[in-house]
Number of protein chains: 2
Amino acid sequence: MNQIIDRPGGNTDAAKGKGERTRERILEITEQAVLQKGFGATSIEEIVCEAEITKSGFFYHFRDKNELARALLIRHIEKDEILLDQVFERGKELADDPLQQFLIGLKMFAELVEDLPQGHPGCLVAAYCYQERLFDREIYDLNQQAVLGWRKRFRVILDKIVEQYPPNEPVDIDELADMVATVIEGGIVMSKALGRPYLLANQMMLLRSFVKLLFTKQAG
Amino acid sequence: MNQIIDRPGGNTDAAKGKGERTRERILEITEQAVLQKGFGATSIEEIVCEAEITKSGFFYHFRDKNELARALLIRHIEKDEILLDQVFERGKELADDPLQQFLIGLKMFAELVEDLPQGHPGCLVAAYCYQERLFDREIYDLNQQAVLGWRKRFRVILDKIVEQYPPNEPVDIDELADMVATVIEGGIVMSKALGRPYLLANQMMLLRSFVKLLFTKQAG
DNA sequence: CGAAAAACTGTACCGGTGGTAGGGTAATGT
DNA sequence: ACATTACCCTACCACCGGTACAGTTTTTCG
């Protein structure tokens, strides 16, 4: 772990060492490329070209392409965690009821992905799923940890909801927690396949309808 | 279109020409490899090796890797259509009510994917989504057609349900139809990421719960 | 300021892969 | 039997990931 995290004066770009900035530039360029055409189709040559460094410079930062993949995934997961934290924390600020908090969070998330101009760029976790054998065991484990993190996150929220609202259908809470990630991942695939960014947002809102139906009493 | 479809005596392997059989063998081998490690990571060399032909033999059947991808996708979509037809036709045989038919179909589909030993092998449509730029426009369009086909299929079923059952929440039927594919695609990603085949089946059953809640009156 | 460490550059090379070119041959269908 | 189909063989090319290693600039810090 030679990453500089706590540095006096904050973590701004200017405060980071030059190497750290270059490394970050490589990762940024790579992420764009990978989400557009997959990891296998993204060559080191084109990365170094766009980053305006040489091949040697690249291999100074990353031992091989596998290490690049790992760093990219770690970065992606971290950014993702921060985003999810923000959205669902905001839900907590806007309502006291746990069900309302969750519904607000889901809606905000849907609006967030709808506002992205080119649609959601895609999920590296899913992208890596479809290229398994290209990577080593460590990357597979990282991916798994990310998915389990999602489950845990939504499980905590759902547990609080279940305390107050008995579900109208028997459901396993872990499975329901997984459904959030399922709809996001599936929605991204569908959005990409049809070239319709709003589709992901629609699907998120449908999931919201499900949660509502599941936990609120219906007029008979 | 030089494919032999209608041939006297049926479409058995033995009735097909030798070339057709080799072509099929290449596609079968390729499909296994692609679903395991992605298209980019599957080399022509290894395909010809396992198919026990030479590189020249391969290029006799397919002009380039792109044509292989296209043929593979077409084959995959066709097989998929047949499977979905079977499952939801069986639902129609077992019940008269359109809602019951759909619920039976969903459950049968869930059981079907659960019984697969290694779990669902993955969906080529999704796999191609994450490798867009590797392929040409025609493949992109094919993929899109497949997804629209799913939407149409489930829309027809859902329209009949809506005729009899007013939904408990306002939903767009096309979006709801898309949700079937969304949960399948997302469920596959989740299953692959966690290495838990049953997860896809669970998610399908959750979707079934949603449909049930949406179209049946709840005791207030 | 100056030395050490960090962050690169340049060149040359290797094996594997997608793909091309073209000539030769065995199997197959009618 | 004969043409077509379905291959095989060899040689070649460009690109890509990766290695090796020596040399140079840039930054950091005492």
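Chain letters run A, B, ... following the sequence lines, proteins first, then strands; residues in each count from 1.
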**Q** Working note: A:R75 + A:E28, criterion salt bridge (Lys or Arg N to Asp or Glu O under 4.0 Å); need CA distance, chi angles, decisive distance, verdict.
**A** CA-CA 10 Å; A:R75 199 183 86 122; A:E28 186 58 40; 2.9 Å; yes
**Q** I'd like to know if the side chain of B:Y128 reaches the main chain of B:A69, judged simply by a donor and an acceptor atom lying under 3.5 Å from each other, with no hydrogens or angles considered.
**A**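 Between the backbone of B:A69 and the side chain of B:Y128 there is a qualifying donor-acceptor contact (under 3.5 Å).
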**Q** Within this structure, what is the CD1-to-P distance between B:I44 and D:dC7, rounded to whole angstrom?
**A**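 Rounded to whole Å, this separation is 16 Å.
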**Q** Looking at A:T182, A:D80, A:D178, which hits side chain to side chain donor-acceptor pair (under 3.5 Å) with A:W150?
**A**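 Going through the options one by one, the only one that passes is A:D80.
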**Q** Mind checking whether A:F88 and A:F154 have parallel, tilted or perpendicular rings, split at 30° and 60°?
**A**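 The arrangement is perpendicular - the two ring planes meet at more than 60°.
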**Q** Checking A:D159 now: which residues fulfil side chain to side chain contact (heavy atoms under 4.5 Å, CB included) with it, not counting sequence neighbours?
**A**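 Listed in chain order: A:R155, A:I173.
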**Q** Considering only nitrogen or oxygen atoms on both sides, find all protein atoms under 3.5 Å from nucleotides 1-7 of chain C and state each distance.
**A**
| unit_1 | atom_1 | unit_2 | atom_2 | d |
| --- | --- | --- | --- | --- |
| C:dA7 | OP2 | A:Y60 | OH | 2.8 |

**Q** Expressed as a whole number of angstroms, how long is the span from A:N66:CG to D:dG18:P?
**A**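 Answer to the nearest Å: 8 Å.
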**Q** What integer distance in Å separates A:I53:CD1 from C:dT9:P?
**A**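 Interatomic distance, CD1 of A:I53 to P of C:dT9: 6 Å.
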**Q** Rounding to an integer number of Å, can you tell me how far A:E45 CD sits from D:dA14 P?
**A**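 About 15 Å, once rounded to whole Å.
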**Q** State which residues pass side-chain hydrogen bond (donor to acceptor under 3.5 Å, both in side chains) with A:K160; sequence neighbours excluded, sorted by chain then number.
**A**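 So A:K160 forms no side-chain hydrogen bond (donor to acceptor under 3.5 Å, both in side chains) with any residue.
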**Q** Quick one: B:R21 CZ to D:dA6 P, roughly how many Å, whole number?
**A**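 So the CZ-P distance, B:R21 to D:dA6, works out to 10 Å.
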**Q** With hydrogens left out and only the distance checked, is there a donor-acceptor pair under 3.5 Å joining B:K55's side chain and the base of C:dG19?
**A**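 Result: at least one qualifying N/O pair found.
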**Q** Here's a test for you: under side-chain contact (heavy atoms from CB on, under 4.5 Å), which of A:V211, A:L207, A:D174 qualifies with A:M179?
**A**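 The single option meeting the side-chain contact (heavy atoms from CB on, under 4.5 Å) with A:M179 is A:L207.
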**Q** B:F59 has an atom CZ; how far is it from atom P of C:dG18, in whole Å?
**A**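 Rounded to the whole Å, the gap is 8 Å.
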**Q** Tell me the interatomic distance from A:E67, atom CD, to D:dG17, atom P, rounded to whole angstroms.
**A**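 Spelled out: CD on A:E67 to P on D:dG17 is 16 Å.
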**Q** Excluding sequence neighbours, so at least two apart, what forms side-chain hydrogen bond (donor to acceptor under 3.5 Å, both in side chains) with A:R208?
**A**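 Per chain and number, A:R208 pairs via side-chain hydrogen bond (donor to acceptor under 3.5 Å, both in side chains) with no residue.
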**Q** Under 3.5 Å between N/O atoms: give me all the protein pairs with nucleotides 21-25 of chain C, atom names plus distance.
**A**
none

**Q** Return the set of residues passing side-chain hydrogen bond (donor to acceptor under 3.5 Å, both in side chains) with A:H61 (not counting sequence neighbours), or none when no residue passes.
**A**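 Not a single residue meets the side-chain hydrogen bond (donor to acceptor under 3.5 Å, both in side chains) criterion with A:H61.
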**Q** Once you round it to whole Å, what is the distance between P of D:dG17 and CZ of A:F39?
**A**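 For the pair A:F39 CZ and D:dG17 P, the rounded distance is 9 Å.
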